[in-house]
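Take a look at the structure below.
Below, chain A is the first sequence line, B the second, and so on; all start at residue 1.
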Amino acid sequence: MAIHNGDIADALNELADILDVEGANSFRVRSYRDAARTLRGLSREAADMVERGEDLSDLPGIGSGIASKIRELVETGKLSQLESARERTSPELVSLTEVDQLGPKRVKKLHEVLGVEGPAQLKQAAEQGRIASVEGFGKKTEKRILDELERLEQTPSSQRFTLDRAEETTEPLLAYLRGLDPAGNVTAAGSYRRRRETVGDLDIIITTDDPDRIMEAFTEYENVDRVAARGRTRSTVVLISGMQVDLRVVEPESYGAALYYFTGSKAHNVATRKIAVDRGWKMNEYGLFDGKRRLAGRSEEELFAAIDLAPIPPELRENRGEIDAARDNRLPHLLTESDIRGDLQTHTDATDGQLPLEEMVEAAVKRGYEYYAVTDHSKRVSVAGGLDADALRRQHKSVDRLNERLAKEGKEIVVLRGVEVDILQDGTLDLPDELLAACDLVVASIHYDREMSEEKMTERILRALDNRCVNILGHPTGRMIGEAREPMRFDVQRIMRAALDRGVFLEVNAQPERLDLSDIHCRRAKEMGLKLAVSTDAHTASHLSYMKYGVAQACRGWIEADDVINTRPLPALRKLLER
DNA sequence: GCCGTTTTCGGCCCGACTGTTTTCAGTCG
């Protein structure tokens with residue numbers, strides 16, 4: 001299987017972008033985007049479905065036309081329509097729509113009137129004052145384009161923030177806004193509230209008696225870099241961090257409706273709005289209405305109840321089946337942080353962690369954990385000072401001593417003797433089996449030789465899973481968000497099936513730049529009954545709090561406490577670790 | 001291009017804000 005859902009989605013989105021600039025029917029353009037979104041959210045590979053001869057047009061937003069394009073991509077690796085579109089309209093020109101305030105219509109116009117082909121010519125035209133003379137443009141727009149181009153040269157557009165960085169920016173701003181009007185509601189909506197792995201911009205919903213004062217204070221917040229728009233109900237600023245923030249002031253009776261509307265996702269909202277429309281009602285950010293009569297809007301619960309849905313947690317609002325589940329009362333009881341009884345991947349200063357074992361365990365005690373696995377690197381990870389067999393034995397002896405001391409002190413935590421052993425290039429492990437067998441817990445991970453064919457990588461991981469000492473496959477895809485470290489290519493479905501057969505668990509690594517498995521993969525694991533370990537991979541005490549990101553990611557994959565091994569009491573966990 | 005228990009044709013979410021207009025188009029979310 002060579003082509004993955006993400007590749008197909010990229011191709012369809014690119015085609016949509018080009019058609020958009022060419023002035024194609026906007027609904028047709030949207031169809032391609034909808035289909036791309038469906039593919040991204042799919043827990044199965046479309047290529048698999050094609051090979052099995054299944055009907056792709058059964059999928060939402062995919063009809064016979066796009067289905068045949070997907071088949072072409074799967075079978076030939078190319079999309080002829082996309083290739084000819086690229087020849088007609090250059091990707092350079094299409095990229096101009098990334099410039100703020102430039103959409104497909106304006107780009108098309110600039111191309112037709114001024115012959116602009118890309119960013120360089122756009123800048124030249126703006127500097128020479130030729131843009132202002134184009135119909136529909138003016139001096140202000142020209143200036144904005146120029147400013148935006150200069151900004152883009154310094155920081156690339158469409159910057160997204162990992163959740164931890166988004167929190168650093170968001171929480172102080174929320175505290176500031178709450179301080180302005182303690183009686184009002186202030187909530188961050190959008191992908192931040194849905195706990196997506198990255199956040200593009202921020203939507204804050206606020207209720208207040210004094211919108212003018214709040215808007216003024218918002219635009220004068222100390223971390224504001226520039227004000228992009230300022231109105232009575234909506235203002236937009238860009239913070240110094242680069243994060244764009246929209247603040248929306250709403251009436252209390254619309255608070256739930258606005259929160260719901262701006263939490264999204266878009267696809268989810270469209271689907272629930274349709275339920276309202278089918279009943280002859282209207283749903284928007286102000287409420288649910290029957291004609292002029294308001295049926296609901298003060299709270300999200302009120303809205304859900306009015307359209308006969310169980311309340312859907314924000315993490316699930318992606319239009320991936322949650323609406324049907326809510327209607328039939330079979331939404332999952334999502335995992336919570338308090339379900340977690342221990343951390344199953346952590347490091348110490350014996351390798352690349354920052355703190356000694358004792359201090360890490362102390363922090364784990366503070367979190368109320370029942371168990372805590374220390375899993376330092378093995379020797380292959382030389383940059384981290386990975387442990388050889390002797391060093392690991394010594395560490396395990398000190399774990400034993402620590403456990404004795406903790407028991408004497410009456411601390412209710414058990415430290416598990418673990419290791420994060422490297423999976424070598426040929427799929428063998430970096431430490432001898434007899435030593436691994438003596439561990440309470442073995443996490444096996446890949447850190448090196450990430451570039452190999454999909455087939456070889458699959459075989460490599462399969463071989464590692466065959467080793468009966470292995471309990472958990474650590475950060476399974478090896479991706480790093482925002483660092484352009486793409487996931488390693490292997491047959492995820494086959495690895496998951498093999499792990500299930502062999503009693504191996506897959507990790508949800510809670511490091512905010514990893515979050516590996518992804519939400520989609522978590523969902524796939526759940527569907528096949530494969531259990532997961534949510535672990536922080538902590539390298540210092542404060543990292544233990546990353547657990548919340550791992551839990552959120554799992555929730556986005558519909559994971560419940562029963563799907564996660566480190567929700568079990570220690571005896572039950574130990575049983576699961578026997579293979 | 002997709003979709004259908006008012007439909008196989010004719011819809012497809014819609015409101016705020018801005019800038020360029022003189023009543024509205026484009027963009028964004």
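- For the contact set between residues 241-265 of chain A and DNA chain B, defined by any heavy atom under 4.0 Å, the members are A/Gln244, A/Asp246, A/Arg248, A/Tyr261.
- When both pairing distances are held under 3.5 Å, B/dT27 makes a Watson-Crick or G-U pair with B/dA16.
- With both ends at atom P, the span from B/dG26 to B/dT21 equals 12 Å, rounded to whole Å.
- Looking at heavy-atom distances under 4.0 Å, A/Asp34 makes no contact with the nucleic acid at all.
- When the P atom is used for both B/dT20 and B/dC28, the distance is 15 Å, rounded to whole Å.
- Whole-Å rounding puts the A/Asp20 CG to B/dG26 P distance at 12 Å.
- Around the CD atom of A/Glu135, the shell of radius 6.0 Å holds no more than 12 heavy atoms that belong to other residues, nucleotides or ligands.
- The nearest whole Å value for the distance from the CD atom in A/Glu285 to the P atom in B/dA16 is 7 Å.
- The glycosidic torsion of B/dT6 lies more than 90° away from 0, which places this base in the anti conformation.
- To the nearest whole angstrom, the two C1' atoms, one in B/dG19 and one in B/dG10, are 34 Å apart.
- Straight-line distance between the P atoms of B/dC13 and B/dC17: roughly 22 Å, to the nearest whole Å.
- Counting heavy atoms from C-beta on, the side chains of A/Glu216 and A/Arg230 come closer than 4.5 Å.
- As rounded to the nearest Å, B/dT6 and B/dG11 have C1' atoms that lie 13 Å from one another.
- Using a 4.0 Å heavy-atom distance criterion, A/Ser26 is classed as making no nucleic acid contact.
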Every protein N/O within reach of nucleotides 7-12 of chain B N/O, cut-off under 3.5 Å:
from, atom 1, to, atom 2, distance (Å)
B/dC12, O3', A/Arg30, NH2, 3.3

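- Ring pair A/Phe304/A/Tyr260 is perpendicular by interplanar angle, where above 60° counts as perpendicular and below 30° as parallel.
- For A/Phe289 and B/dC13, the CZ to C1' distance is 15 Å, given to the nearest whole Å.
- Distances shown here put a side-chain N or O of A/Thr141 below 4.0 Å from the OP1 or OP2 atom of B/dT20.
- Whole-Å rounding puts the A/Leu12 CG to B/dG1 C1' distance at 11 Å.
- Straight-line distance from the NZ atom of A/Lys69 to the P atom of B/dC2: 7 Å, rounded to whole Å.
- Atom CG in A/Leu59 sits about 10 Å away from atom P in B/dC3, given to the nearest Å.
- Taking atom C1' on both nucleotides, B/dT8 is separated from B/dC2 by 12 Å, rounded to a whole Å.
- Residues from residues 104-120 of chain A lying near DNA chain B, meaning a heavy-atom separation below 4.0 Å, are A/Pro104, A/Lys105, A/Arg106 in numerical order.
- Side chain to side chain, A/Gln101 and A/Thr141 fail the donor-acceptor criterion of an N or O pair below 3.5 Å.
- Taking atom C1' in both B/dT18 and B/dT23, one finds a spacing of 15 Å when rounded to whole Å.
- B/dT7 and B/dC3: their C1' atoms are spaced 9 Å apart (whole Å).
- Contact annotation for A/Glu135: no contact, since no heavy-atom pair falls under 4.0 Å across all strands.
- Rounded to whole Å, atom P of B/dG19 lies 8 Å from atom CD of A/Gln101.
- Among the protein residues, A/Asn269 comes within range of no part of the nucleic acid, since none of its heavy atoms lies under 4.0 Å from any strand.
- Residue contacts shown for A/Arg232 are limited to sugar-phosphate atoms, with no base heavy atom under 4.0 Å away.
- Using a 4.0 Å heavy-atom distance criterion, A/Lys266 is classed as a base contact.
- Between the side chains of A/Glu251 and A/Thr207, not a single donor N or O lies within less than 3.5 Å of an accepting N or O.
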Begin with the C-alpha distance, continue with both residues' side-chain angles, and end with the deciding distance and a verdict on side chain to side chain contact (heavy atoms under 4.5 Å, CB included) for A/Thr162 and A/Glu197.
CA-CA 6 Å; A/Thr162 50; A/Glu197 58 196 32; over 6 Å; no
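- A/Lys143 comes within 4.0 angstrom of nothing in the nucleic acid, heavy atoms only.
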